[in-house]
Every structure is written in structure tokens, then in C-alpha cells.
Amino acid sequence: MTYRHLPATAVFATLASLAVCTAAQAQEPQELFETECATCHTPAGTERAPGTRLLAQLTPRAIVASLEDGVMRAEGATLTPGQRIRLAEYLTRRSYEEQTLPESAFCADRAWTGMNPAAVSWTGFAGNLAGTGYQSPERAGLEAADVPNLELRWAFAFPGGTNMRTSPAVAGDAALVAGPFGEILALDLETGCVRWSFEADAMVRGAIVVGEGPGGRSTAWFVDARTSAYAIDLESGSLLWKERVGWHAVAYGTGSPALHDGRLFVPVSSLEVAMAGDPRYECCTSSGAVAALDAATGEVLWYHRVIPGYAEETGENGIGTMNWGPSGAAVWSSPTIDPARGLLYAGTGENLTHPVTESSDAILALDLETGELAWSFQATTGDAFNMACTQASFRENCPDPPGPDLDFGMAPMLVTRPDGKEILVAGQKSGTVWALDPDNDGALLWSTGVGKGSMLGGIHWGMATDGRYAYAPNADRQAVIVDVNPERERSPGLYALDLMTGEVVWSAPPPADTCGGRRACISSNSAGATAIDGVVFAGGLDGVIRAHSTIDGQVIWEFDTTQPVETVGGVPGRGGAIDGPGPVIAGGMLFTNSGYATFGQMPGNLLLAFGVR
């Protein structure tokens, strides 16, 4: 897919679309940037190759983290730690300091007895195994009448962060959150103070799942960017086990795991989509995957490669580098679990090279016990694309012809519609919402186009449903490589679709004057949505979270997350674009991220918690 899931930390998540910075270690930072990177990053840059003005808004820590663990980790490996820091300081014009949370951010009494798995009120990417983003009144603790009275309870700032993908798991009186640099924190629901912390080996991009683990312990599971899966004890934050899941050298962890019946299901993506921007890179050999692990031990029980077989040589590119295929079809998002049918559903990305496969841009149904493919539905054919295709030069690894990059980046939703029938609903970056029949091998029930779509969405991160309507945030960013919907107009906003017919019931475009000239502010909806009875919540790339009536889409409450706020422990914080997972609603509170610097958007480092006044 590609762009929505590039590494959280940074700049070089977007830097990867350009000519890759692989200069010799002897070069000084200014020379390194000017000779290897400036062509694509000056004077203004593009949505995927930002100019120096946008780079300067990021933090040195974010740039260094990307060189160590993100899209640029292969190039960063040729540099010493000191060189990475000096390059980050040159780009940001700020001194690098390893920022940590001050003692004032921690609770005075850090003791915590853990949680009762039966009392968990939100877990995983969309709150439940079905991926619906819906909270019942009992678990939400929030009714439609309460929403206009929501007020900020506390704001937590992650030092040095610029991209927020935190989706808290709420367990009893604590929220478990993953920060942008691999930190896992247990935050007190009342005050936001830190009870304990755990440091993963790399950034954690997905959500945390919680439940009963080894020895009956209350346990949290998550996956880091290097595809290492972890189980940690919730009482102490201590490690129970860790297991690397991805097989490929540049396998990448972007989606969230799902927990069911003693198994942890882990999606696997790849950094090759970015590395292909270097014409010297032999593109491409990776495949998306889903793995099943024993939740008690971490043992890999099965591993499903999305692309059958392995890539073979397909010829040399223009500078003599060998190309390979087929490749790609990454699983960027979280799997959806269907216990009744014994199936797991996953969306896939585009192929990175030719030849193309039937498993790209598709919804797959896998057997929960074996990982074998039960059926698949492919929405877009012939979609072969990588970052080389976005560059003015160094396009040698771009497939010929290039595809539109219109994959499924969201988890499919398994929902019971009003007549009692269960259906699968998934939104695609094409701007199309698809409804499939899980009882008939994924046969198409209906499809509805709500926007023009582009490589940045269309439907980007996710939707929500309350069993009556499906709520689709439509980004419709101006990033169209191949126009597969020439008859459609750009139409960003939030859409409600009737689950029976796919008919658009109402739409809510973003306010035309919402940005007011703010730099990097975009009037669009890209982040996932979340629903309770009567209300659907959606964050905007303008930094505003809005609550819409499910009756007609009217805004009944909103909050500008870019305004100055006081943070827990006084850590420097700023709000920005809202992108990534949808808001979390649990225990009478609403949680949302603020800040997302990738794709030319407003950076930020906040997690905001709201309650009813």
C-alpha cells in the first residue's frame, strides 16, 4: 500500500520515496544531504519527499529512530551512531538529546495489581475480534447525550515524537499504550500518570491486545517494527516471551495482532516498497504474511505467505540490477477473526513487481487452525507499484506499467446487518467500499464508490459500523498515480452507507475554512472511525476530532487538538494531524492521538483523554 503504513518515526518514512541517502561514512551531514538527498527535498518537496522546511519541524530523535529501525534502517546501517545524530541535527537545526520521561510523569504510587481479563473494555486495533470499531453502551460507558459534555481530562506527550499511532488498550483503571520509539506504558485512567514502562527493541506501530496469558497471568501482547512479538506481564511490565515472526530480511511489523483461543495472529508487511526507490536494490522478493503463534509460549504454529512460492529473476533494470518477482501483497493491517466459521480475514497490498498475483489488493480468508487459504476476493487487478514510481529520477525499479497502489489498508469488518445476516465490509484506497458474503466464498453483495481514491486514500486506515450503517472516512488526497476512477470527483469527508444496499445515506465533508492558512493542515478524513449508539467519531488531518450524529452526520461536538494543552509531567507537547487508528471509547472516556508528520501532515506527540464534565 504503502504510504499509510510507512514507519512512524519519521521524516525518512517520507524520505524513502526519494533517492536513498547512502553516502560514505566520511561525508559530513551537510554534504551527505546535499549530494544524496537535496534533489528530491528542495526547494519544497512533495507529499512523499518533504522539503527542508517540513523536515525542520521534526525531532532529531525521530530521524535517528528512522535511520535505526525505520524505512531508512538499511542506509542508516552504513553510518555510525554519531553520524546519524549529526545528520538529524543538521536537518532539524536542533541539538540531539535522548529524551526520557521526567519523574514527574510517573505516579507517586506505581503499584498495580493487574487487571481482570473479563473486565477489559477495549483491546486491539478496532476494539473487538470482528474489527467493527463499535462499542456497546456497557463497554463504552458513554451515551450520545453525554458527548456534547466531553472535556479534556489529561494530555500525555511522548518526548521527541512526531507520529502518533497509539491505540490504547483499556483494562480496568489503566490504559496500555505504545509510544513512537518502542516504549509500552501503563497510564492511570484518572490522571494519565505512568505506573510502569517497558522498552521494546524497536518502535511499536500497532495496537496492544490484552487477556489471560501464561500461567493465568494478566498479559499484554504486541508486535514491534522488526516483527518481534512480545508477551508481557500486566502487573509488573516484565517480559514473558519474545519471538521474531517475519522471515524476510526486511519484514516489517505495521498491523496489530489479534488474540483468540490461545493463539496470537500476527500480520507481516515489508520495507521493500520503500527500498525499491534505490535503483541498486534488487527489487523485490518479499511477501506479505499472517502467522499464528501460541499465545503462551510464542511458538509459531503456522505461517501463511500471501504470495505462493518464491520470487524468481525477471531481468535487469536500467543500471544492471537484477529484478525479481512476484513480490509484495503486504498485510499492513490487523486480521479479523470469525470464530463461527473458523476463518481469519486479512486485507492485502499491491504487488511490488511484475508478474502480478491474484492475492494482491485482496481480501483473504484463511483457516484459523491451519493457515490455508479458504477463499479470496481481489478488488483491483494488475496493481504493481513501489516508491520508485513516485520519483522524478531513479525510477529504474518502477514496474512497467505501474499500478495505482489501491490496496486494502484496513481490517475487514465482520458485521451483522439488520436482517440478521453476517457480511464482510471493507474499504479500499480506491474510494470503494465492498460488501462480501462470508457464507459464499466472499461473493460480492454490493460495492459503492464514495470518492476518487489515491495512493493516500480513499479509505485509508479503517471504518466503523453499528450494525445499521458502515461509516467510511474518505481521504481523497491528491496523490493519483494511475486514475482508475476518472468519472469520480475528489470528495473527502465521512460517509454513512446502508449495510443492506450500500446506498450512501449521508455524507459530512470537512469544513472548507478549517485550516485557516496553517502550514501542513489538510481538510480531509484519513484516520479510522469509531462508533457508539447514535454517534460516530472521526479525526481529521486538520487536527480536529469531531463527533457526528449517526442520523444525519451533523457535528454535535468537536475539539481542536492543535491548541496548547497542559501535559502530564510537563513534557513538551504539541498536537497535529489526526491519522492512523480510530479513537478509543471505553469506561466513559474518549482517547485520541494527535500528530502525524508523514505525507506532509502536521507533526505532534499527544495522546488526549476526554471525560464527561
Side-chain angles (χ1 to χ4, degrees), residues 1-7 13-20 40 46-49 71 248 250 252 254 269-279 281-288 306-307 311 314-315 317-318 321 323-333 347-362 378-410 428-432 452-460 475-486 598-599:
M1 119 169 198
T2 358
Y3 297 99
R4 69 154 264 187
H5 292 93
L6 295 183
T14 43
L15 278 177
S17 63
L18 70 179
V20 191
C40 295
T46 67
E47 285 178 321
R48 275 152 305 286
V71 162
H248 196 275
V250 292
Y252 201 61
T254 55
S269 58
S270 168
L271 288 180
E272 281 198 303
V273 64
M275 299 178 72
D278 182 352
Y281 181 77
E282 294 194 7
C283 176
C284 285
T285 58
S286 64
S287 168
V306 174
I307 297 178
T314 59
N317 69 13
T321 305
N323 283 165
W324 298 73
S327 62
V331 181
W332 296 106
S333 60
T348 68
E350 80 287 352
N351 290 122
L352 301 179
T353 52
H354 290 291
V356 295
T357 64
E358 294 181 351
S359 55
S360 62
D361 292 8
Q378 186 174 39
T380 301
T381 60
D383 191 2
F385 177 89
N386 61 57
M387 279 189 172
C389 302
T390 69
Q391 300 174 183
S393 55
F394 307 108
R395 292 174 55 89
E396 283 81 0
N397 282 336
C398 178
D400 183 19
D405 183 20
L406 298 179
D407 49 285
F408 286 98
M410 65 163 284
Q428 190 185 1
K429 284 174 24 182
S430 61
T432 302
K452 191 172 189 63
S454 80
M455 67 177 70
L456 295 178
I459 292 93
H460 210 182
D476 261 7
R477 296 283 299 276
Q478 291 180 321
V480 178
I481 294 295
V482 178
D483 190 356
V484 298
N485 296 311
T598 310
F599 322 132

Heavy-atom donor-acceptor pair, [X] side chain to [Y] backbone, under 3.5 Å:
X	Y	answer
S269	Y252	yes
T348	A329	no
S430	G453	no
Q428	L406	yes

Check [X] against [Y] and note the closest heavy-atom contact, atom names and distance.
X	Y	result
F599	R477	O-NH2, 3.0 Å
S359	A362	O-CB, 3.7 Å
G325	P355	C-CD, 4.0 Å
C389	P402	SG-CB, 3.9 Å
V356	A384	CG1-CB, 3.9 Å
S333	G409	CB-O, 3.0 Å

Quick one: [atom1] on [X] to [atom2] on [Y], what's the gap to the nearest 0.5 Å?
X	Y	atom1	atom2	value
N485	K452	CG	NZ	6.5 Å
H460	S454	NE2	OG	7.5 Å
Q391	N386	CD	CG	8.5 Å
D361	F385	CG	CZ	11.5 Å
E396	T321	CD	OG1	8.0 Å
F394	D278	CZ	CG	9.0 Å

Under the side-chain contact (heavy atoms from CB on, under 4.5 Å) rule, collect the residues that match up with S286, sequence neighbours excluded. H248, S270, E272, L352
In the structure I gave you, are the side-chain heavy atoms of V273 and E350 within less than 4.5 Å of one another anywhere? yes
For [X], all residues meeting side-chain hydrogen bond (donor to acceptor under 3.5 Å, both in side chains), sequence neighbours excluded:
X	result
H354	none
S360	N351, Q378
S327	T353
N397	N317, N323

Check against side chain to side chain contact (heavy atoms under 4.5 Å, CB included), D407 and K429: CA-CA 6 Å; D407 49 285; K429 284 174 24 182; 3.1 Å; yes
Across all chains, not counting sequence neighbours, the disulfide (SG to SG under 2.5 Å) partners of C284 are none
